[in-house]
Amino acid sequence: MELNYLCAHELKKLLRKKEIKSEEIVESIAQRVEKVEKLLNSHITRTLDMAKEQAGLCDDIFSRGRGLKDLTGIPVGLKDNISTKNIRTTCSSTILKDFEPVYDATVVSKLKKQGYILSGKLNMDEFAMGSSSENCCFGPSVRNPWDLDYVAGGSSGGSAAAVAAGETICSLGSDTGGSIRIPASFCGVVGMKPTYGRVSRYGLVAFSSSLDQIGPITRDVTDSALMLNAICGYDRMDSTSIPQAVPDYTSYLHDDIKGYRIGIPRELALEGIDSDEKKGLERCLALLEEMGARVETISLPVLKYALSVYYIISPSEAFSNLSRFDGIRYGHRKDKYETLEEAYTSNRSSGFGDEVKRRIIMGAFCLSKGHYDDYYEKARKVRSLIVNDFRDAFSKYDVLVCPATPTIAFKLGERAKDSWRMYMTDKCASPANLAGLPAISIPAGLSEEGLPIGFQIMGNILREDNVLRVAYSLEKALDFNRRPPL
Amino acid sequence: MVDKEEFKYLEGLCKIRFEKDELEKVTSRLNDVLGHLDNLGRVDTEGIKPTSHVIEITNAFREDVPGKSISRKEALKNAPDTEGHGFKIPDLD
């Protein structure tokens, strides 16, 4: 049995029956990482030596049989923008190349309470700015385990590739405009962005604070629910955290969606979508109807402008958030300067990669005198219209569905020189961030070339129940073969 | 359209500098993106209030009580250079 390919809920059962040991899971992962990591580059920092020690401690807990949690003894990888105390957290940036946080992110503290095992810190686009995981400062781009000539998607490319390739069991990513769902879709795994405010952002290195949300990347929907149970909840360290009790997300895993009302927003599902994604969409819609759901095409015209809104608001917030990186209190610093001004400029110019610099400049433009009203303020008003349109749609529909991405994975380098073409990758995913909605991407089959197709399900604010239920039912009906040929 | 002069101004605001030979390419890439963003001008937003955050939470106050924080040693741990109990910056003329 290749333990590294099982789901957390399957491993949990085997661990409790004492048929396997946590040490064996870690060992099977270590062997897999050894074999494929040089091809994939999904890791920035490997922590498997620590993981082996941790597994030994978990096995002691299992032998005593007390204090067992869902994720006890389960390896989980973390995107490298999630702070881990005394373990390097780089955001895939030169400016943080040796940075070791002095505290854990809230999600890490919560996973520790579960007795999880950290399997590694995972690769990403620098500061989560990218849709392909090609903007990496350490080593080459992350590669897609289904075909190494293709991108893994971004920005949580390492988190998706590692789960898909059996280098870890589950992972956490962050999603600002699709950064969990896009790579999950490209790599044939399940990626979930919870409602904004459901998961604490404390210890997540901020990119765009009104959009950022941490969420799980897993092999199936059941694991997604288990991970949500572990990481969701109010946190006083995050002022945008929702002060509401968290349900048991596994209680929504019912294979029954008879009578569910499902809307297909034309602007995200039918316009500018390639034939592979359309094929996946049609297959999913047919299955949903077969299961007794009522499926209707709808129009939310303002969604045509969502990508523009996203690419004004996110760089503007990034301009502000990334101003803290100056090379004085921490981070990369160059040696010789004439003036303090020159010190800041030199540290930042040599510490940030090109895409990060371009987005900071774009943010400065959108916020600067003379452009503020036409760009930043205008985008925030159109965002209100998007929020309202979604609110109206959810008064009539339980979930909205569309492809997770307009195209399947593309070749490495294919979009790197054309910013807008790259940004178009976020077209289907970013609207959920603008409205704070929970949204999941599940694999809906393979294209003729053998690359995964992703299907997205969005729910109303705090209606993860509907999202998980539809995803779980569809996952059963699709019966996706979740193992890449690598 | 951002011209050379405005790009220099933006670089100054950001404390970021691109290499001279990259300037033309970077400016034209920025202008290309801005061209796509301009479509927002077509949306009627008369009387619409802007959205900052989608979850209506205001004044997330907590009690102002002293608690455990990171130590001085931890605060200085990642500094490129320190002296005594402080961060040290390079000599400036």
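Below, read A as the first sequence line, B as the second, and so on, with proteins coming before strands; counting in each chain starts at 1.
Only the side chain of B:Glu6 comes within less than 4.5 Å of a heavy atom in chain A; its backbone stays farther off. For B:Ile48, the parts lying under 4.5 angstrom from a heavy atom of chain A are both the backbone and the side chain. Within the 4.5 angstrom heavy-atom criterion, no atom of B:Ser71 approaches chain A. Interface remark: B:Lys88 contributes backbone atoms only to the contact with chain A (heavy atom separation under 4.5 Å). Heavy atoms closer than 4.5 Å to chain B are found in the side chain of A:Thr195, but not in its backbone. With a threshold of 4.5 angstrom between heavy atoms, A:Ile461 approaches chain B through side-chain atoms but not through N, CA, C or O. For A:Asp98, the part lying near chain B is the backbone, with the side chain staying farther off; criterion is any non-hydrogen pair under 4.5 Å. Heavy atoms of B:Asn39 lying under 4.5 Å from chain A belong to its backbone as well as its side chain. Heavy atoms of A:Ala435 lying under 4.5 Å from chain B belong exclusively to its backbone. For A:His332, no part lies under 4.5 angstrom from a heavy atom of chain B. For B:Val43, the parts lying under 4.5 angstrom from a heavy atom of chain A are both the backbone and the side chain. Within the 4.5 angstrom heavy-atom criterion, atoms from both the backbone and the side chain of A:Ile242 approach chain B. Interface residue B:Leu30: only side-chain heavy atoms are found under 4.5 Å from chain A. Both the backbone and the side chain of A:Val382 come within contact range of chain B, judged by heavy atoms closer than 4.5 Å. For A:Asn86, the parts lying near chain B are the backbone and the side chain together; criterion is any non-hydrogen pair under 4.5 Å. Neither the backbone nor the side chain of A:Pro301 has a heavy atom closer than 4.5 Å to any heavy atom of chain B. A:Ser419 touches chain B through backbone and side chain together, each having a heavy atom under 4.5 Å away.
Across all non-hydrogen atoms, the minimal contact from A:Ser239 to B:Ala60 is O-CB, 3.6 Å. Minimum heavy-atom separation, B:Pro50 to A:Ser384: C-OG, 3.5 Å. For A:Phe319 against B:Cys14, the heavy-atom pair with the smallest separation is CE1-SG, 3.7 Å. In plain terms, the two heavy atoms of B:Val54 and A:Leu434 that are nearest each other are CG1-O, 3.1 Å. Closest non-hydrogen pair, B:Phe18 versus A:Asp354, comes out as CE2-OD1, 4.2 Å.
The side-chain heavy atoms of B:Leu40 and A:Ile312, taken from C-beta on, include a pair separated by under 4.5 Å. Residues A:Tyr196 and B:His53 have side chains in contact (heavy-atom distance under 4.5 Å, counting atoms from C-beta outward). Put simply, the side chain of A:Tyr305 does not reach to within 4.5 Å of the side chain of B:Leu37, judged on heavy atoms. The closest side-chain heavy-atom distance from B:Glu74 to A:Lys85 is below 4.5 Å.
Of all the listed residues (B:Ile55, B:Val2, B:Leu13, B:Asp38), the one sharing the greatest number of non-hydrogen pairs under 4.5 Å with chain A is B:Ile55. Contact tally against chain B (heavy-atom pairs below 4.5 Å) for A:Asp418, A:Asp374, A:Leu340: the top residue is A:Leu340. Per-residue heavy-atom pair counts under 4.5 Å with chain B were compared for A:Gly436, A:Pro243, A:Ser210, A:Ser350, and the maximum is reached by A:Ser210. For the set B:Arg42, B:Glu11, B:Arg29, the entry with the most heavy-atom pairs within less than 4.5 Å of chain A is B:Arg29. Ranked by non-hydrogen atom pairs under 4.5 Å with chain B, the options A:Ile386, A:Leu437, A:Thr345, A:Ile360 are led by A:Thr345. Of all the listed residues (A:Lys378, A:Glu317, A:Met362, A:Arg333), the one sharing the greatest number of non-hydrogen pairs under 4.5 Å with chain B is A:Arg333.
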Discussion item. Does A:Ser349 form a side chain to side chain donor-acceptor pair (under 3.5 Å) with B:Arg17? I'd like the steps, not just the answer.
Written reply: CA-CA 6 Å; A:Ser349 301; B:Arg17 193 174 43 227; 5.1 Å; no
Item to complete: Determine, step by step, whether B:Asn78 and A:Arg329 satisfy the side chain to side chain contact (heavy atoms under 4.5 Å, CB included) criterion, reporting the C-alpha distance in whole Å, the side-chain angles of both residues, the deciding distance to 0.1 Å, and the verdict.
Response: CA-CA 7 Å; B:Asn78 284 288; A:Arg329 290 147 302 146; over 6 Å; no
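Residue-environment remark: CD (B:Glu22) exceeds the threshold of 12 foreign heavy atoms within 6.0 Å. For B:Lys77, the NZ atom sits in a packed shell: over 12 heavy atoms of surrounding residues, nucleotides or ligands are nearer than 6.0 Å.
Under a 3.5 Å cut-off, the side chain of A:Arg380 and the backbone N or O of B:Lys49 do not form any donor-acceptor pair.
Note: B:Asp32 CG to A:Arg421 CZ = 12.5 Å, rounded to the nearest 0.5 Å. Within the model, atoms NZ of A:Lys369 and OH of B:Tyr9 stand 8.0 Å from one another, a figure rounded to the nearest 0.5 Å. Atoms CD1 and CZ, from B:Ile16 and A:Phe352 in turn, are 6.0 Å apart once rounded to the nearest 0.5 Å. Considering CG of B:Leu34 and OH of A:Tyr375, their distance stands at 5.0 Å, rounded to 0.5 Å.
Comment: B:Lys15 does not engage A:Glu342 in a salt bridge, judged by the lack of any side-chain N to carboxylate O separation of less than 4.0 angstrom.
Taking the six-membered ring for Trp and the full ring otherwise, B:His36 and A:Tyr311 have centroids separated by 6.0 Å or more.
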